[in-house]
Amino acid sequence: MTKRVVCPPAPGPLESYASRFDDLFSTLAQRRGFRHYLAGLLLPRDRNKTLTCLADTEPVVGAQHAAVQRLQYFLSESTWDHEQINARRLDLLLADPATAPHPGGVLVIDDSGDRKDGSATAHVGKQYLGSVGKIDRGVVTVTTCWADERVYYPLHAVPYTPAHHFPKGKSDPGFRTKLQIGAALALKAIDAGVSLRAVAADCAYGDQDGFRGELSAAGLPFVMALKRGRGSWSYKDAFRPVDAARELAWHGPERPGDWQAVTRTFRDGHTTVWWAADAQLGWWGPDGTTRLVVATTDPATLPAQSTWYLATNLPRPGSPRDGKSRHPAADLTEVVRIYGLRHWVEQSYKQVKDELGWADFQVRSDTAIRRHQTLVTCAFSFCWDTWFTPSPPAGDDTPPPERGHSAVPPAPTSLLAPRPQSRPWLVSALGHAATLLASMDNEAPTHGTSNSDHRHRHRQTT
């Protein structure tokens, strides 16, 4: 058998990470393209990370440059399988004790939309785009993200294809709604070996009875937001989640009545007191199959921007379902913690979009789009890999600490490449003095985004 030609190494620690994927590429050109693409994604953002940017050529007129054409072929025409690449990426994350999922983490389901023009591009359609806060032409991708209080990373991503792309529209056998895609991705994460405490999602998914039913039928626990005016219940005087919350007794912090104080700890160290309670809404109640949990900063006024209405199938401790349910019981503090971790997906969008060029692709085919998204998630995971396995400074023969053990320093407030001075080996990995990713907000993963309800299709935010 002919010996495989050695691929020119990628800069710094990127070579160590990229070499773990080499057996999935059949040619030298593919292995080289993988390294060049990741290196381009990780460089500082001076402009949109299109192929001309990744190849460091002039926009538009540089599209015919040989380096650009090689990347174009690697992305659109080459024979590598993006599913195998993503599976290997997840295997590396799951095998590393520093990033391995554990039963206390949360699987977040969400979708991300970005404006794209043209009629020949796969998945493009007129639909709601969260990035612009309105209905416009673009591509929407359903994603899953695993998160705990320290680490978060994307798992799978599948673009949603609008009905007009199918011969029979919504009745076509190949058509799938975002809810169906999200449920399938949750099961795919379980099949990949991802451990979790519950599935979390905003009200775009939580308001759908069928979606929650699919997760329950699959044996998955969930904590999902509801719109405050969701549904048209007709039981006594409470027919909406907000009405059920108003029926709970509240006489002030000294006499909270039905409410319980819940302390939320944010990533920068500060804490704040919220109030949570189990509410009764139709057959939803503390001892029902589905619980309605309300969490707010002020039970007297229930402010729209800082009140969550959460549906969960996790039993209440001490309830009749506690000993019968397949899921461990969750008190009010645990339910609030689980949904608070959902906001890590918003932070993930900031980094993969604003720094790594998630929406900057200028390709048309379904395969090329999915490959680009896979390569972006590989670049994101590389940053975690580098953080938890820092290279020793030059001249230091001391072996690095074992991955995932107590010798590894805790993640800082800005998780990925926070300061050039303290981590020069990370910053110099690609030969530049800028950070690999934008620094994170100095807030907790449980802190909501500042976007308005309208911008997120009236989704539950704080």
Side-chain angles (χ1 to χ4, degrees), residues 81-87 89-90 106-116 121-131 135 137-147 153-192 194 196 198-225 311 342 344-346 348-349 352-353 358-359 361 365-374 376-377 456-457 459:
D81 187 345
H82 69 276
E83 291 282 0
Q84 293 181 356
I85 298 298
N86 193 62
R89 178 183 69 88
L90 294 183
V106 172
L107 177 68
V108 184
I109 300 177
D110 202 3
D111 58 68
S112 172
D114 301 284
R115 183 185 284 121
K116 291 291 178 182
T121 303
H123 313 298
V124 168
K126 195 172 184 179
Q127 51 196 323
Y128 181 87
L129 306 177
S131 60
I135 295 177
R137 292 187 60 82
V139 175
V140 174
T141 302
V142 182
T143 64
T144 51
C145 172
W146 189 89
Y153 47 80
L155 296 176
H156 299 97
V158 173
Y160 163 73
T161 307
H164 72 266
H165 286 268
F166 297 91
K168 298 181 180 180
K170 293 184 178 181
S171 61
D172 193 278
F175 174 75
R176 291 194 301 167
T177 65
K178 299 172 189 175
L179 303 176
Q180 292 172 327
I181 296 174
L185 291 184
L187 297 177
K188 191 172 184 179
I190 299 300
D191 292 340
V194 175
L196 53 92
V199 176
D202 63 12
C203 60
Y205 294 83
D207 269 337
Q208 307 300 322
D209 295 334
F211 181 71
R212 297 193 312 273
E214 285 191 51
L215 296 182
S216 294
L220 295 178
F222 60 79
V223 176
M224 299 188 180
R342 190 207 76 84
W344 269 131
V345 77
E346 306 292 349
S348 175
Y349 285 155
V352 299
K353 286 186 176 182
W358 174 272
F361 61 85
S365 69
D366 168 70
T367 298
I369 292 174
R370 292 175 187 250
R371 286 177 172 180
H372 171 79
Q373 293 175 345
T374 299
V376 169
T377 57
H456 282 288
R457 203 187 325 162
R459 298 183 181 184

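Reckoned from all heavy atoms, side chains included, excluding hydrogens, waters and symmetry mates.
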Hey, mind stepping through Q373 and V352 against side chain to side chain contact (heavy atoms under 4.5 Å, CB included) and telling me if it holds?
-> CA-CA 9 Å; Q373 293 175 345; V352 299; over 6 Å; no
Would you please test V140 and L129 for side chain to side chain contact (heavy atoms under 4.5 Å, CB included) and show each step?
-> CA-CA 7 Å; V140 174; L129 306 177; 3.8 Å; yes
Verdict with supporting geometry, V199 and I109, side chain to side chain contact (heavy atoms under 4.5 Å, CB included) | CA-CA 7 Å; V199 176; I109 300 177; 3.6 Å; yes
Passes side chain to side chain contact (heavy atoms under 4.5 Å, CB included), L187 versus L220? Steps please.
-> CA-CA 9 Å; L187 297 177; L220 295 178; 4.1 Å; yes
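Side chain of R212 to backbone of G206: a donor-acceptor contact under 3.5 angstrom is found. Remark: side-chain polar atoms of T144 are paired, donor with acceptor, to backbone N or O of H156 under 3.5 angstrom. Side-chain atoms of N86 come within 3.5 Å of backbone atoms of L155 as a donor-acceptor pair (strictly under, hydrogens ignored). Distance alone, capped at 3.5 Å, is enough to place a donor-acceptor pair between the Q127 side chain and the G138 backbone.
Below 30°, between 30° and 60°, or above 60°: for H123 and H165 the angle between ring planes is between 30° and 60°, a tilted geometry.
Taking NE2 of H372 as the reference point, atom OG1 of T377 lies at 10.0 Å (rounded to 0.5 Å). Interatomic distance, I181 CD1 to R176 CZ, rounded to the nearest 0.5 Å: 5.0 Å. For the atom pair E346 CD and D110 CG, the distance stands at 5.5 Å (nearest 0.5 Å). Once rounded to the nearest 0.5 Å, the distance linking CG of L107 with CD1 of I190 reads 6.5 Å. Taking OG1 of T367 as the start and NE2 of H82 as the end, the distance is 7.0 Å to the nearest 0.5 Å.
The nearest pair of heavy atoms linking F222 to S216 is CE2-OG, 3.1 Å. The shortest non-hydrogen separation linking G125 to P162 is CA-CG, 3.9 Å. Heavy-atom minimum distance, C145 versus V345: CB-CG2, 4.0 Å. The heavy-atom pair separating T141 from A157 by the smallest distance is CG2-CB, 3.8 Å. In this structure, I135 and K126 approach most closely via the heavy-atom pair CG2-CG, 3.8 Å. The two residues A201 and R342 make their nearest non-hydrogen contact at C-CD, 3.6 Å.
You'll find the side chain of D111 reaches within 4.5 Å of the side chain of V142, heavy atoms only. The closest side-chain heavy-atom distance from L179 to Y205 is below 4.5 Å.
Figure legend: K116 and F361 shown as a cation-pi pair, the cationic atom lying under 6.0 angstrom from the six-membered ring centre and within 45 degrees of its axis.
For the side chain to side chain donor-acceptor pair (under 3.5 Å) test, residues two or more places apart in sequence or in another chain that qualify with R370 are D366.
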